[in-house]
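Letters go in sequence order (proteins before strands), and every chain restarts at 1. The model shown is predicted, which means the values in this text are computed figures rather than measured ones. For the numbers below, each heavy atom of this structure counts, side chains included, while hydrogens, waters and symmetry mates do not.
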Amino acid sequence: MTTEEKSLNFIEEIVEKDLAESTHGGRVLTRFPPEPNGYLHIGHAKAICLNFGLAKKYNGRCNLRFDDTNPTTEETEYVDSIKTDIQWLGFQWDEELYTSDYFEKIYNFAVALINKGCAYVDDSTPEEIAATKGSTTEPGKNSPYRDRTVEENLRLFAEMKEAKYEDGVKVLRARIDMAHPNLLLRDPAIYRIKHAHHHRTGDTWCLYPLYDFAHGQSDSIEEITHSICTLEFIHHRPLYNWFIEQLGIFPSRQYEFARLNLTYTVMSKRKLLKLVNEGYVTSWDDPRMPTLSGMRRRGYPPEAIRNFCDTIGVARRENMIDLSLLEFCVRENLNKTSDRVMVVLDPVKLIITNYPEDAEDIFDAENNPETPNGTRQVPFSRELWIEREDFMEVAPKKYFRLAPGKLVRLKSAYIVQCEGCLKDDNGNVTEIHCTYLPESKSGNDTSGLTVKGTIHWVSAKHALKAEVRLYDRLFKVEDPSNEEGDFKDYINPGALEVLPEVYIEPFLKDAVPGNRYQFLRKGYYCADKDSTGEKLIFNRTVTLKDAWAKEMAK
RNA sequence: AGUCCGAUUGUGUAACGGUAGCACAACAGACUCUGACUCUGUUUGUCUUGGUUCGAAUCCAGGUCGGACUACCA
């Protein structure tokens, strides 16, 4: 073991500096703050690994806090899925908290602000507020209600709380500077009236704080030491600090990192919701989705996702990660952990002409050559199913599989020599005929032959049937959000191909949802949640790398 | 246009004033009862112009390019 140190990312550097200077008495407290208005995706995984990882690494704690300040979009279903996904990823929060639990405290913060003359009730319409906001080049204009007295503001704000006004009639604004170059500091709205049922507080409130007056305040209440968010909130930081200063509350500090972008993927919750609602995918956990629930169902192991997040790093520049890196991490994990089985996806019959009609062999096949964990029994007989692509009547020079006169090893069984094939009227191969070499029996080979190719097979008489769902990338282009027109125009129609009947070896009959396998030479597959003892269904997680396919493509 | 961020090979990410390294991808080869895995090797990089310095990817200044911001969303 070398003493090579893993370099720190910029946030770890900040934390270590704070620790060294005892900024918070050696305390590290982070939080993961999802809004319960959608399912978690791989981008969230990066934030989860960062926040929980920091807490773990520096002996700190990490809270799960639901940022539930917008009752019209938030639901309990999302709360539940978020908790499930975080735990599945392998993390456990210290406390489960809700911004809605702080509504009373946050309301009092607003009152304090009014008392300081730092907030006022504005009767302007949303349109009027937008119109007087100014622009990047023009300063904004003061609202005619900006100079109301503290007493009047206090009374009006109390009336807002007492449901005296309809939605949108009044809003509470911070009183900062309508000419500020940062548009967010031009008297931002901090409380709006919303007569809506909240998933936790019910009908207790009819006014709710906005993000800028809820998130930072929650951080302070919890005494979060490092409040980590994505780059788009960078402009909010001055506001975040302004409120802390005005209110004199715990000085949490905000740090921003670049969110994850993945090729051939969209990551915004708005777009993902659209895919679900408009039926482009079947659900949030459709295996084509970049959601954690989708990836789980597809068969991605949580370790692989964590390792991926570790590999991509954390920085402040915009990035676009190759999907192939995620797939590499998935294969790397699955290669070590999943049992090998034989499944024929596109079958053609192979008949061993010199093998007796009624004879059978039972072979012991290795389950996993990478991390040996025993063998399983695989039955063999005269008629087998093999992949159609493993035979060519006229083969190129570097083709190692079956062709008239050529020899291949049937994995874990015998070497066979191809004698020829039968075809139908359209010229399609219907049967391949071979002879086998009895002395080439696997594990006991005295034939002295070495063959270049090994193919997988399933005994026709023992084969079971299953449905297989072949998944591929959801989009045809690397960056669907950056293309002309609607991102949905770039959906890959081949992202799901269903093979209703493939042949599987008997060993698989006990597969239960969530079980992962390597289908030898084909890829990694996972028993779907729809799979039953009656009808087995497998999802393709990811293919194996295929040097031959690459060669053929040239 | 104003403010704020950022810029290291195809993609990410290190190097914290002193040898530009690592991973993925690509390519070539070895090995193989998975054309997988593994192993070996190869190609490609400091946005630009100045300055500071014995020495700059790193510090400073100007430029260029990219991104973000003008929701009663988060």
Check salt bridge (charged side-chain N to carboxylate O under 4.0 Å, His left out) between A/Arg409 and all other residues, then give those that pass, not counting sequence neighbours. A/Asp445

Which parts of residues 9-17 of chain A get close to RNA chain B, meaning a heavy atom less than 4.0 angstrom away? A/Glu13

Does a donor on one side chain sit under 3.5 Å from an acceptor on the other, for A/Glu159 and A/Tyr165? yes

Side chain of A/Asn335 only, please: which of B/C37, B/A14, B/C69 is the nearest? B/C37

Considering every strand and a 4.0 Å limit on heavy-atom distances, what is the contact class for A/Ser135: base, sugar-phosphate, or nothing? base

Looking only at the side chains, is there a donor atom on one of A/Tyr240 and A/Asp219 sitting less than 3.5 Å from an acceptor on the other? yes

Counting any heavy atom closer than 4.0 Å, what does A/Phe328 reach on the DNA or RNA strands: base, sugar-phosphate only, or nothing? sugar-phosphate

Contact class for A/Arg340 (heavy atom, under 4.0 Å): base, sugar-phosphate, or nothing? base

Would you tell me if any nitrogen or oxygen in the side chain of A/Arg316 comes within less than 4.0 Å of OP1 or OP2 on B/A7? no

A correct dot-bracket answer for RNA chain B, with pairs being Watson-Crick or G-U at under 3.5 Å, [ ] for crossing pairs and | for inter-strand pairs, is .((((((..((((....[..)))).(((((.......)))))....(((((..]....))))))))))).....

Return each pair, listed once, that meets side chain to side chain donor-acceptor pair (under 3.5 Å) where at least one residue sits in residues 543-552 of chain A; pairs must be two or more places apart or across chains. A/Lys398-A/Glu551

Mind checking if A/Gly443 touches a base, just sugar-phosphate, or nothing, with heavy atoms under 4.0 Å? base

Go through the N and O atoms of the side chain of A/His456 and the base of B/A36, and report whether any donor-acceptor pair is under 3.5 Å. no

Compare the minimum distances between each of B/G35, B/U3, B/U70 and the side chain of A/Leu183, then state the nucleotide with the smallest one. B/U70

Looking at the side chain of A/Gln518, which of B/A74, B/G2, B/U34 is the nearest nucleotide? B/U34

Looking at every strand, decide which applies to A/Leu544 at a 4.0 Å heavy-atom threshold: base, sugar-phosphate, or nothing. base

Sugar-phosphate only, base, or nothing, as touched by A/Phe233 at under 4.0 Å among non-hydrogen atoms: base

Kindly give the atom pairs (protein nitrogen or oxygen, nucleotide nitrogen or oxygen) under 3.5 Å for nucleotides 63-67 of chain B.
unit_1 : atom_1 : unit_2   : atom_2 : d
B/G67  : O2'    : A/Glu318 : OE2    : 3.0

Selection: residues 163-170 of chain A, any non-hydrogen atom under 4.0 Å of RNA chain B: A/Gly168

Might you confirm whether atom NZ of A/Lys194 has over 12 heavy atoms from other residues, nucleotides or ligands at distances under 6.0 Å? yes

